[in-house]
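Remarks on the structure that follows.
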Amino acid sequence: MPRSKAQVSSKGTKDSQSGEDGSLPKWAEDEIKSVQFGDPEILTRSGYILAVYEDAYKIDLQIYEALSDGRTIIEGLDVPKNLKIADFLKGSIYEFKIRMLKGELSSKLVEFLKSKYNLEMNAIYTFELEDLQLMDVESDEDE
C-alpha cells in the first residue's frame, strides 16, 4: 500500500532537533507536513490499474505518457466515493482524468535532502482521480 507522509518521516523526531539518529529534523518534518499546494492541474493519461485498495479507496496506476517529473507509476491515487471502485479492472486499458496538486519545497529543505539523503526532490505531489473511462481496445486477432 502507498506510504503516507507519516510513514515516510521517522517517528521520534519530536525530541530530535538535529536528525542525528537518521530521522528528519523537526524543522524539515514541519515543512513537509505544512506544504502548501498550488492550483490543481487536470491531466488526461491512458494506462492501466496496477492495484486496487477498496478499503482505502485508492488505486495504483501505470500510465503510458510520463508526468512532468518523469514518473509513469502513480501510487495511492485517491478515488472519489461516487465511483464504484469494486468495478475497476486491473490490467485493462483506461483513460484517466487525474487532478495533480504540487507543493514546492524550500531551497533549504531541497538542499538538505540532497546533501543528507542524496534525494533529488523539490516538490511534493498529491493525486486524485477525477474520472476514468474504459478504452475499447481491439485485439490483433480481429485483423
Query raised in the report: Among V79, L77, L129, D78, whose side chain to side chain contact (heavy atoms under 4.5 Å, CB included) with Y57 holds?
Result: V79
Query raised in the report: What pairs with D131 under side chain to side chain donor-acceptor pair (under 3.5 Å), at least two apart in sequence or on another chain?
Result: none
Report summary line: By side chain to side chain donor-acceptor pair (under 3.5 Å), E130 pairs with (sequence neighbours left out) R99
Query - Closest non-hydrogen atom pair, L109 against A28 - result: CD1-CB, 3.6 Å
**Report entry** In one Ile/Leu/Val/Met/Phe/Trp/Tyr side-chain cluster, 4.5 Å: L119, L105
**Finding:** yes
Query raised in the report: Can you list the steps and then say if I74 with F96 is a side chain to side chain contact (heavy atoms under 4.5 Å, CB included)?
Result: CA-CA 12 Å; I74 303 174; F96 302 101; over 6 Å; no
Report summary line: Between I73 and Q62 the two heavy atoms that sit nearest each other are CG1-OE1, 3.3 Å
Query - Side-chain heavy-atom pair L113, N118 within 4.5 angstrom cut-off - result: no
Query raised in the report: When the ring planes of F127 and Y125 are compared, do they come out parallel, tilted or perpendicular, using 30° and 60° as the limits?
Result: parallel
Query raised in the report: Rounded to the nearest 0.5 Å, what separation is found between the OH atom of Y64 and the CD atom of E95?
Result: 12.5 Å
Report task. Considering non-hydrogen atoms only, spot the tightest contact between Y94 and I49 and give its length. Result -> CE1-CD1, 3.8 Å
Requested in this report: Please tell me if the side chains of L50 and K90 come closer than 4.5 Å, counting only heavy atoms from C-beta onward.
Outcome: no
Query - From CD1 (I42) to CD (E128), nearest 0.5 Å - result: 8.5 Å
**Report entry** Gap separating the CZ atom of F88 from the CD1 atom of I59, nearest 0.5 angstrom
**Finding:** 5.5 Å
Report task. Quick one: pull up CD in E75 and NZ in K58 and give me the separation to the nearest 0.5 Å. Result -> 11.5 Å
Report task. From the options T72, L132, I98, select the one residue that forms a side chain to side chain contact (heavy atoms under 4.5 Å, CB included) with L61. Result -> I98
**Report entry** Residues forming a side-chain contact (heavy atoms from CB on, under 4.5 Å) with N122, sequence neighbours excluded
**Finding:** V110
Query raised in the report: Does E31 use its side chain to pair, donor to acceptor, with the backbone of S106 at less than 3.5 Å?
Result: yes
Query raised in the report: Roughly how far, to the nearest 0.5 Å, is CZ of F37 from CE of M100?
Result: 11.0 Å
Report task. Please check if the side chain of R45 supplies one atom and the backbone of E65 the other of a donor-acceptor pair under 3.5 Å. Result -> yes
Requested in this report: For the pair E54 (side chain) and V52 (backbone), establish whether a donor and an acceptor sit closer than 3.5 Å, ignoring hydrogens and angles.
Outcome: no
Query raised in the report: What heavy-atom pair brings S92 and L134 nearest, and what distance separates the two atoms?
Result: CB-CD1, 3.7 Å
Query raised in the report: About how many Å separate OG of S46 and CD1 of I93, when rounded to the nearest 0.5 Å?
Result: 7.0 Å
Report task. Start with the C-alpha distance between I124 and I32, add both sets of side-chain angles, then the distance that settles side chain to side chain contact (heavy atoms under 4.5 Å, CB included), and finish with yes or no. Result -> CA-CA 8 Å; I124 294 175; I32 290 169; 3.7 Å; yes
Requested in this report: State, to 0.1 Å, how close G70 and A66 come at their nearest heavy-atom pair, and which atoms those are.
Outcome: O-CB, 3.8 Å
Query - D39, CG: over 12 other non-hydrogen atoms inside 6.0 angstrom - result: no
